[in-house]
*Asks:* 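Structure provided below as structure tokens; questions to follow.
We count ligands from 1, going down the list as the structure has it; atoms in each ligand are counted the same way. Please read these numbers as outputs of a predicted model, since none were measured by experiment.
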Amino acid sequence: MGFELIVTNGTIVTASEVLSPGIEIGVKNGKISCLGMFLPRSDNTLVVDARGGYITPGGVDSHVHFAQDNSPTGDNFTTGSRSSIAGGTTTVIAFASQKKTETTVIRCVEEYHTRAKDQSYCDYGFHLILSNPTPQIMATEMPLLIEQGITSVKLYMTYEPLKLGDAQLLDVLMSARTLGFTTMVHAENSDIISLISTRLEASGHTAPYFHAISRPQIAENEATYRIISLAELTDVPILIVHMSSEIAMKHVRKAQTRMLPIHAETCPQYLFLLSERLKATHGDAFEGAKCVCSPPLRHDPKDLEAMWTGIANGTFTVVSSDHAPSTYGHSGGKKLGLKGDVMRYRDIPNGVPGVETRLPLLFSYAGREKDSRLSLQRFVQLTSSDPAKLYGLEGMKGSIAVGHDADIVIWYNEKELKDGVTIRQSELHHGVDYTPFEGMRVKNWPRLTFLRGKKVWDRDNGGVVGDVLDGKFLKRGKGKIVVGRTGGEVKGMLAGERNYWC
Ligand code: DUC
Ligand code: ZN
Ligand code: ZN
């Protein structure tokens, strides 16, 4: 049998190369089986003309929230994954979230499987949110989950219903050391936020804008330094999610310079949006609720600039969307923070949608134009290949290379789309009723998306042409360390001192 699909006449971008335009992709059984020139066609080969556009790997969005209990008006797997493929993302890693009252995680993971199975347009995996990491769970249930392909956890240092204290964080890190799962951390100091919030509330400062005032950069800074210290103490790799401030990012940079395996993630909202977006607009005093996310949007364009520097200089390993959707117009969504005329930012569900806009926003700044901020290869690293490595999908996802799943995005030839695309809620495919990026212009958009060799998105001919039965659960292996290494000595400790207690 020949190739079932050949993609021709495009420029393939990988994490390390921009290949010559003549190179074609040959696909067999849903996998990339050949990269070469003048690949042989058979009668059964579908030849897709990339029309001189760039070809990148399907996006791997390693941080999305679909079908979570705490955002009942947001996206389920069907709407969230539909939005994913329309924006070129073919793999998402969502969350199965343990409640603090639960003394098992098996039930919760099973429940999230039922929320996704046969309801996803793209491939998916789960991270486990651990809010009650009992010794029993860590000793007996985590090994089972790892066998089942759930090889990462998210820990919170803030939010009463989710947060772990330092002793609990250390216990989980010690388990990660033994079991090898990847640990993601939401780093903000809970007590700082709580004290400021109580005082803001007492003085009547409760409109959405005060969300940003209640979570200053110092809260992110302190928690970031603390979790890096705990990770260094236990010699365990971590990834700090959704970073937004330069002062916190500098701790990561410094740790990486010391070769510690500290990874970091940022998101488009921290590259493009400022806290002014939390203020009243369009005559709607509450509209800022649409941009309530945590950490909050920061105040100064220099804050955005700093995140772009982290993108370019390698501090960030991944750019995820942190798609955390809550409908604005629904009383169970963002409007939970509005009781009659009274606005209360503490009751507004946190998060912004963005799974569909992540790739187009970042791709607009990738390349060699005057206004480019990252190379095309770095775009691929941040959005596909490095999240795949970090979360145990290496060899399967995130790369246009032989043996990988044929997850492929074909962008427009720039001449075809001279004016770019203006982001409009009316054109997006998620289940929420707004986008924080409304009206922003991007230079390009995925014209075609393929999932394991099947066309699932064709912007000019039918839009979403995939099916909810296309997406499959990804049994992930253990993640790789992308930055730094374990096994280093700790400042002020004797060589091998850890062996006394580790
Ligand atoms: N953390 C997330 O990861 N997403 C949304 C809100 C939050 O606090
Ligand atoms: Zn978080
Ligand atoms: Zn999140």
*Asks:* Could you check if a side-chain atom of F126 sits within less than 4.5 angstrom of a side-chain atom of F95, using non-hydrogen atoms only?
*Replies:* no
*Asks:* Using heavy-atom distances, let me know which of K154, Q68, R215 sits nearest atom 3 (O) of ligand 1.
*Replies:* K154
*Asks:* Kindly give the atom name of the N, O or S atom of D322 closest to the Zn ion (ligand 3).
*Replies:* OD1
*Asks:* Is the shortest side-chain heavy-atom distance between T315 and M243 below 4.5 Å?
*Replies:* no
*Asks:* Is L179 close to P143 at the side-chain level, that is, under 4.5 Å between some pair of heavy atoms?
*Replies:* yes
*Asks:* I'd like to know: is the Zn ion (ligand 2) within the 2.8 Å range of an N/O/S atom from V241, strictly under that distance?
*Replies:* no
*Asks:* Could you tell me whether K335 sits above the aromatic face of Y328, with NZ or CZ closer than 6.0 angstrom to the six-membered ring centre and within 45 degrees of the axis?
*Replies:* yes
*Asks:* Taking 4.0 angstrom as the limit and counting only heavy atoms of H186, give me the atoms of ligand 1 inside it, by number and element.
*Replies:* 1 (N), 7 (C), 8 (O)
*Asks:* Is it true that some N/O/S atom of H323, main chain or side chain, lies under 2.8 Å from the Zn ion (ligand 3)?
*Replies:* no
*Asks:* If you have a sec, read the angle at the Zn ion (ligand 2) from K154 atom NZ over to H242 atom NE2, to 10 degrees.
*Replies:* 120°
*Asks:* Could E188 and K163 be called an ion pair, given the rule that one side-chain N must be under 4.0 Å from one carboxylate O?
*Replies:* no
*Asks:* Which atom pair, heavy atoms only, marks the closest approach of P296 to H211?
*Replies:* CB-CD2, 3.8 Å
*Asks:* Compute the minimum heavy-atom distance from V241 to ligand 1 and say whether it is under 4.0 Å.
*Replies:* no
